[in-house]
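Data first, discussion second: the structure below is written as structure tokens.
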Amino acid sequence: MTALQRLFKFHGGVKPAYNKEASTGLPIAVAPTPTLLVIPLHQSIGGMPRPLVTAGERVLKGQRIGGADGNVSSAVHASTSGTVIAVEMRLMPHTSGLSALCVVIEPDGRDEWIQRQPFDFRSATPTQTRDYLRDAGVVGLGGAVFPTYLKLNPGKQGKLDTLVLNGAECEPFITCDDVLMRERAETILKGVAIMREMLRAGQVLIGIEDNKPEAIAAMEIAAQAANRAAGDSAIKVVSVPTRYPAGGAKQLIRVLTGIEVPHGKRSTDYGVQCFNVGTAHAIYEAIALGQPLISRIVTVAGNVGLARNYDALIGTPMRDLVALCGPLPDSDRVIMGGPMMGLLMPADSVPVVKATNCVLVGSKQLFPPPPPEMPCIRCGECAKACPAELQPFEMYWFSRAKIFGKAQEYNLFDCIECGCCAYVCPSHIPLVDYYRFAKSEIWARELEKEAADVARERYEFRLLREEREKQEKAAKLAAKTAAGREKAAAALAVVEKPATTPEEDAKKALIAAALERAKAQKELVHPGNVSDLTPEQQAEVAAIEARRAEIREMAKPHLRQDD
Amino acid sequence: MLEAILVMALGAVVLGAALGYAAVRFRVEGDPLVEKIDAILPQTQCGQCGFPGCKPYAQAIAKGEAEINQCPPGGDEGIHKLADLLGREFKSLSAEHGIEKPKSVAVIDEQSCIGCTLCIQACPVDAIVGAAKQMHTIVAPLCTGCELCLPPCPVDCISMQPLDESVETWKWKYPVFKINPAQQEEA
């Protein structure tokens, strides 16, 4: 099957040292449950899930602890059973070194699951299935952590030509997808079958770099079995040439189908959708087993004695995983991801999240500090290496000069931050750092502008409202005075012409009757404390009354003076 | 001779008619320059510039009645943008109109609030919720940090709190600066 597929090439790319052998020697091991799980609520692109638990609550394995909030968001679950000891700000696995809201769980060691029920997606509507996957917390496990349910939509056409499954895994050191494909090819294919049905995809292309022969072999066997079961030959495993970044979604689509997704378009517009192999596995677990996404395969590699892949619970401190592999004494940093695109972690205590495909331990020897940055000599090597076919040097100059509008004109936001340009730069310019800087500045400005627009709108509405209220008030006042005048005129008319119509007589009679009734009632009521008094009490009351009268007499002349 | 005059006259009539039609057909409502200036201003409506809002200040700038350096919330960056738009020279922020402060939001101390509604009346963007003799609170995402609610409060229960950086709003630093690793979390 592999031989028949016609392949295409993507522009640029580099061939860094792969360093993948170290971590593929041993099968996946299940990482022990840590003493404390710190599960960040915000682990995917989109809105931050709202916490559903409070401190002191007991949670079960797989229980939802963060509910999806907004259109783009994904739920978060407890990775094991235990007690929530806090919902508080904790250090995030993010370069900023800032904290965010996390659920801290103390495991009870019983690892007790919630009631797990397979989801019958065939009898559910597509929307119900998507909502289920959102609440199961399934997100893209390739590293971008985009909520998967949003991608499982065939779009306007109602069907998809090609479903691309990304098993390329081009970044050095990382082997989590490789071992997953070797060991769990069958379940990945079961996930693919679900995805294919949901997307109504014609063919499935599984792209794997040719430096993973074991994974290709395992996937091929599973694909053949799946094809036999389905009675067609829609699923093809394709070996693609090893070249970084072949695992980029757009690059892999280009290599497998020849389709180049242009600026501002999505691959679905061209009938193609791309998912990571880990995501397919997570979809299978969520739908067929009823298990939400609570763990993932993490490669621990770099400056360690024994690099290996671990099936780690979300929320496990990276430190624990590193300790399992025996870090070498000169280790001085932890990187989440690979050496090309990875992010430096603020500390090794940060937890494993859904985006953590690799925990890379670094040292000065393994990753020596880059030589000093030299001026750009305009050699154009970066443009030759750019897989997105951008002009990195132009974007660099404008980002460096903080002329962000121009940088955007050179399609800065099509940059996938793969690092090829910086890798080939003879002047050792950290180009990607400049792009990240420019991107976050542009985003911040965008947000500020949005806020200003909202403020302007609200201010203008307030002015409008104040004006309207003023007018309403004036109108009301005018109406009131007019009514008052009319009333006065009517009263005058009544005085001039005393009316003796039978109706008014009846009214008067009624009023008189009511007054009579009120008088009678008043007479009936006596204060409770003046009846049945003893003679002594009677005398006392009389004395008090006399004193009061005396005081009144005495006060009279003074009151008059006051007047 | 006469021909030439006629041709020129005809040309003048035709072009005049075209211009007249275009003037009516493509008429721009309002002053586009004011709109452009207003788009640069931060819309805090704080009045620190000496005008009762961002739009009046924009109108004053467009007429040449106000300097471009009177807006503290816009800061130096805003002045640069205005200078670029208007082709004027950059001037640093004028001290009499205030200083640039980090973006803050007002916070009502709910223990001390007496429910007088004075701050609600002062807020230019209706970002305060409350009613007479009911506790008030500020809708933080809508607060522009204009500080106009501070002076009317009779019990001084409103304070300005700078917005903390979060993981979502954190920005990559200019690459010439090294990113300092955070303090090791206590184990």
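So you know, we letter chains A, B, ... as the sequences are listed, proteins then strands, and number each from 1. Everything numeric in this text was worked out from a predicted model, so none of it was measured.
Ranked by non-hydrogen atom pairs under 4.5 Å with chain A, the options B/T144, B/D38, B/T44 are led by B/D38. Interface summary for chain B: among A/E441, A/E466, A/E460, A/R436, the most heavy-atom pairs under 4.5 angstrom belong to A/R436. Per-residue heavy-atom pair counts under 4.5 Å with chain B were compared for A/E457, A/K439, A/H42, A/R333, and the maximum is reached by A/H42. Most heavy-atom pairs under 4.5 Å with chain A: of the set B/G53, B/A39, B/C54, this distinction falls to B/A39. Of all the listed residues (A/A452, A/S99, A/A444), the one sharing the greatest number of non-hydrogen pairs under 4.5 Å with chain B is A/A452.
More than 12 heavy atoms of other residues, nucleotides or ligands sit less than 6.0 Å from atom CE of B/M135. By the 6.0 Å contact criterion, CD on B/E89 is open, its count of non-hydrogen atoms from other residues, nucleotides or ligands being 12 or less. In B/K103, the NZ atom is crowded: over 12 heavy atoms of neighbouring residues, nucleotides or ligands sit closer than 6.0 Å. Counting heavy-atom neighbours within 6.0 Å of B/E3 CD, excluding the residue itself, gives a total of 12 or less.
If you measure heavy-atom distances from B/P52 to chain A, the contacts under 4.5 Å come from the backbone alone. Both the backbone and the side chain of A/R400 have a heavy atom closer than 4.5 Å to some heavy atom of chain B. Both the backbone and the side chain of B/P124 come within contact range of chain A, with heavy atoms under 4.5 Å apart. Interface remark: B/K55 contributes side-chain atoms only to the contact with chain A (heavy atom separation under 4.5 Å).
Side-chain contact between A/D433 and B/Y174: absent, with no pair of heavy atoms (C-beta onward) separated by less than 4.5 Å. With contacts defined as side-chain heavy-atom distances shorter than 4.5 Å, the pair A/R462/B/Q45 does not qualify.
Close approach to chain A, defined as a heavy atom under 4.5 Å from one of its heavy atoms, is seen in B/E165, B/S166 of residues 153-166 of chain B, taken by number.
The OH atom of A/Y459 lies 11.0 Å from the SG atom of B/C123; values are rounded to the nearest 0.5 Å. Taking OG1 of B/T169 as the reference point, atom CD of A/E448 lies at 11.0 Å (rounded to 0.5 Å). A distance of 13.0 Å separates NZ in B/K171 from CH2 in A/W443, rounded to the nearest 0.5 Å.
Taking the charged nitrogens against the carboxylate oxygens, A/R458 and B/D126 have no contact shorter than 4.0 Å, which rules out a salt bridge. Ion pairing between B/E77 and A/K402 fails under the 4.0 Å rule for side-chain N and carboxylate O.
The backbone N or O of B/W172 sits less than 3.5 Å from a side-chain atom of A/S440, completing a donor-acceptor pair.
By the ring-ring contact (aromatic ring centres under 6.0 Å, His included) test, A/H94 is found to be paired with B/W170, residues two or more places apart in sequence or in another chain being considered.
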Check: residues 107-116 of chain B side-chain donor-acceptor pairs under 3.5 Å, at least two apart:
unit_1: B/D109; atom_1: OD1; unit_2: B/Q111; atom_2: N; d: 3.3
unit_1: B/D109; atom_1: OD2; unit_2: B/S112; atom_2: OG; d: 2.6
unit_1: B/E110; atom_1: OE2; unit_2: B/T137; atom_2: OG1; d: 2.9

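Among pairs with a residue in residues 7-56 of chain B, those fulfilling ring-ring contact (aromatic ring centres under 6.0 Å, His included) read B/F51-B/Y57, at least two apart in sequence or across chains.
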